[in-house]
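In what follows, a structure is listed as structure tokens, so that the remarks can point back to it.
Hydrogens, waters and symmetry mates are skipped; everything else that's a heavy atom, side chains included, is used. In this text, all values refer to a predicted model and were calculated from it rather than measured experimentally. Remember, it's 1-based here, ligands and their atoms both numbered in the order they're listed. In what follows, residues are counted from 1 in the order of the sequence shown.
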Amino acid sequence: MRCRILFVFTILTVAASTTQAQSKLSSKWEELTAGDFKQAIAQAQGTCLLPFGILEKHGPHLPLGTDLLNVRYVAEHAAEQEYAVIFPQYFAGQIFEAKHEPGTIAYSPELQLRLLQETTDEMARNGCKKVIIVNGHGGNENLLPYFAQTQLYQPHDYVVYVQWGHEPTKKVAVEKSGPDWHAGQSETSNTLATHADLVHLDRAKEESGADQLRLKLPENVYTGIWWYARFPNHYSGDGSTATKEQGEADVQSWINTVVRAIKAVKADEESLKLQKEFYERSSHPLDTPTK
Ligand SMILES: [Zn+2]
């Protein structure tokens, strides 16, 4: 009898966990079956994330894929709170300023735009009518708004949103003077929170991340070599002062920001309508009312 009760209990437990496994859809595109994918797109209300990283040196102590690892960590945790379908690993961004360092993958400007356009087109063809590019790489901050602007060049039946940055976090670690822009205290702290096993904190002082101040130009004059002029080691700041506590606070703030973005995008019914109106008017501008 005891045996039978145990057997029935086991059957019930297995059945319950199978139902649970079926009802909990993965948010990762590559983990879904074709059938589950349809359900996932419906559950996400057509909202998909494209976490955008890069492959570049990160000082002497962080992995090449730091931006990709961190932005995917954030996207995956955000999607657990507010469901969205997440596109697989994407790293074809703007990183010419690190071409002199080992391990950098820097595709041509044409390919960067073409690949991104075909990627979002393919996402949309598969039901992602709202694509949120979640940016994890500072060097993309001109590319991505430009990409979003180019969506007005010709009609699309979907909307591209670009998300980057998050509310500043109260500093837990000791504040350092000078720029902390790349593999420094902040980014190293974040990586300690997301992938501690990949951080080589003991190597953080093997190179200098200090600003070399080699260009004497006013702030309102831009030149592409500015970054190399200031940070030739592709390191900005001092990673040795990083703490996991700081990283956890910062990453949580970033996750919260992405959750809010997903909710806002799901609720946005205007962008697609206005795009349609704009494309239609653009095809015959002389009919647009003027004074
Ligand atoms: Zn980075």
- prompt: For Ala242, does its backbone N or O pair with a side-chain atom of Ser189 as donor and acceptor, under 3.5 Å?
  reply: no
message: I'd like to know if the side chain of Tyr158 pairs up with that of Thr120 as donor and acceptor (distance under 3.5 Å, no hydrogens or angles considered).
response: yes
- prompt: Ring centres of Tyr235 and His58 under 6.0 Å apart?
  reply: no
message: Please name the atom of Glu187, limited to N, O or S, that comes nearest to the Zn ion (ligand 1).
response: OE2
- prompt: Measuring to the Zn ion (ligand 1), does Asp67 have an N/O/S atom at a distance below 2.8 Å?
  reply: yes
field: Pair Asn70, Thr191: side-chain N/O donor-acceptor within cut-off below 3.5 Å
entry: yes
message: I'd like the atom name of the N/O/S atom in His58 lying closest to the Zn ion (ligand 1).
response: NE2
query: Is His137 close enough that one of its N/O/S atoms sits under 2.8 Å from the Zn ion (ligand 1)?
result: no
